Amino acid sequence: MQEKIRILLVDDDEDDFIITRDIIEDIPGRHYLLEWAGSFSEALAQIEQKRHDVYLVDYRLGAHDGLELIKEAVGKGAAAPFILMTGQSDRETDEKAMRAGALDYLVKGTISPNELERSIRYSIEHAKSLAVIQRLNSELEQRVKERTQELGAAIRKLEQTNRSLFEAEKEVRKALNKEKELHELKSRFVTIASHEFRTPLSTVLSSASLIGKYKTTEDDEKRQKHVERIKSAVSNLTSILNDFLSISRIEEGKIYNVPSEFDLVAFAAEVADELQGYLKPGQRIHYTHHREKALIYLDKQLLKNILFNLLSNASKYSGEGKDIHFTTHTSDDCITITVQDEGIGIPDADKTYLFSPFFRAQNVTNIQGTGLGLNIVKRYVDIMEGTLSYQSELDKGTTFTITFPQNHPTL
Ligand code: ATP
Ligand code: MG
């Protein structure tokens, strides 16, 4: 047996209920179960139970109207179709009914059993199709949402891959540049070395062959002179080789800052003393220390190298008889060291590249040197976390200043 179609009639007039019931009873074939709600609120309560297959709603409902009821019920999720019943037939009511969510509208007093049956059947079918469409729609929305999420994840992954690729490329580029720099440095080494080695080597050769010729004791003085020249040429070669070695060890990252505690004044005086022997005639290093405290915490070996370079530059680029002022100064949180000379100075145009390897200023072409000393000094100061600066005036003199922070707990 076919299941009954359950209808809820919403109408505040009981007469209308009876009329409708009669019409429904006249519908041939099908079986209908008609229930009645006489007020707006009762209707809402019934609709909420979702027990009916279709709702017939009167336009007039006391203080409310049928459109309000349909809107509210649809808003609350009513799924069964609404058919509005009105007193008059016009397009405006029809449109209003459709906008409110009614699937059909019928004009009271003209309703025939056939018409009612057809309207109910169409509305129920229509509502079913709508439900299917809604379900498909929400499934589609869900799939779009899932796909969007998947796409988002894929994009994020791609972005990440992109970023790592970018980072990797940066690393490779950096390594390549470093390699290039090293290559350039090496080829400059070869050029400079062959040039710088030639002079002392030819000195050694000529002095050695002359020594071979001085056979008598009267030649002793001359022989001695050439022995000295050979010694000086060899020590010059050794110092160039040492500089090369230092640079290559810095390049390989093999120079470490190994600080220890020591007395700055005793140390600096010793360095100054050691260098006095290498100065030009009449030159002197004047060492002064400011402040009582002399205990410091630095890498002694690196500092010694720095001071040797700066002090020997000061001597090399100053004339005979010129003074060199070497001062150290300690405060609670830093050490400042200055080396000041009264020498030839550095031309402004050369200041930009002063710390680059092999760079030599244009006013020193007739003074021997490889241009490595200051590069080593700068790198050592960096390794020791200090700062290096200088001031220079052509033909007046140059002052180099180094500062190291002091924050060792025992000091
Ligand atoms: P070396 O490697 O033997 O020390 P160098 O003295 O030429 O050679 P650096 O010590 O690096 O090389 O100095 C680089 C350049 O800076 C020098 O060639 C010189 O032009 C300039 N310079 C350095 N110190 C002074 C100074 N005290 N007075 C004037 N010029 C200086
Ligand atoms: Mg030098």
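Counting starts at 1 for both ligands and their atoms, in listed order. This structure is a prediction, so every number in the text was calculated from the model and none was measured.
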Closest to atom 7 (O) of ligand 1 among Q362, R360, K316 (heavy-atom distance): R360
Element-labelled atoms of ligand 1 that are located less than 4.0 Å from some non-hydrogen atom of V364: 18 (O), 19 (C), 20 (O)
Short side-chain to backbone donor-acceptor contact, D299 and V258, under 3.5 Å: yes
Side chain, backbone, both or neither: the part of T398 lying under 4.0 Å from ligand 1 by heavy atom: side chain
Identity and distance of the protein heavy atom lying nearest atom 5 (P) of ligand 1: Y317 OH, 3.3 Å
Salt bridge present between K174 and E167 (N-O < 4.0 angstrom): no
Aromatic ring pairing F40/H64, orientation class (parallel under 30°, perpendicular over 60°, tilted between): parallel
Protein contact to atom 21 (C) of ligand 1 [nearest heavy atom, distance to 0.1 Å]: L354 CD1, 3.9 Å
For G345, the ligand 1 atoms whose distance to one of its heavy atoms is below 4.0 Å: 29 (C), 30 (N)
A361-ligand 1 polar pair, N/O distance under 3.5 Å: yes
Mutual orientation of the aromatic rings belonging to F326 and Y287 [parallel < 30°, tilted 30-60°, perpendicular > 60°]: tilted
Region of T370 that comes within reach of ligand 1 [heavy atoms, distance under 4.0 Å]: both
Other residues, nucleotides, ligands: >12 heavy atoms within 6.0 Å of K396 NZ: no
Short N/O/S contact of S312 with the Mg ion (ligand 2) (below 2.8 Å): no
Contact (N/O only, under 3.5 Å) between Q368 and ligand 1: no
G369: numbered ligand 1 atoms lying under 4.0 Å from its heavy atoms: 3 (O), 7 (O), 8 (O)
Side-chain donor-acceptor pair present, D220, T217, cut-off under 3.5 Å: no
Ligand 1 contact on D341 by region, counting heavy-atom pairs under 4.0 Å: side chain
Which residue and heavy atom of the protein sit nearest atom 30 (N) of ligand 1, plus the separation: I346 CG1, 3.3 Å
Protein contact to atom 10 (O) of ligand 1 [nearest heavy atom, distance to 0.1 Å]: N313 ND2, 2.8 Å
Closest protein heavy atom (residue, atom, distance) for atom 9 (P) of ligand 1: L374 N, 3.5 Å
T86 side chain to T93 side chain, donor-acceptor N/O pair below 3.5 angstrom: no
N-O pairing of E221 and K225 below 4.0 Å: no
Mutual orientation of the aromatic rings belonging to F359 and Y353 [parallel < 30°, tilted 30-60°, perpendicular > 60°]: tilted
Sub-4.0 Å atoms of ligand 1 with respect to non-hydrogen atoms of L372: 2 (O), 11 (O), 12 (O)
Non-hydrogen atom of G371 closer than 4.0 Å to ligand 1: yes
The one among F359, F358, Y353 that brings a heavy atom closest to atom 14 (C) of ligand 1: F359
Short N-O contact, R6 and D53, less than 4.0 angstrom: yes
Sidechain N-carboxylate O distance under 4.0 Å for K304, E274: yes
More than 12 heavy atoms of other groups within 6.0 Å of E228 CD: yes
Region of D243 engaging ligand 1 - heavy atom pairs below 4.0 Å: side chain
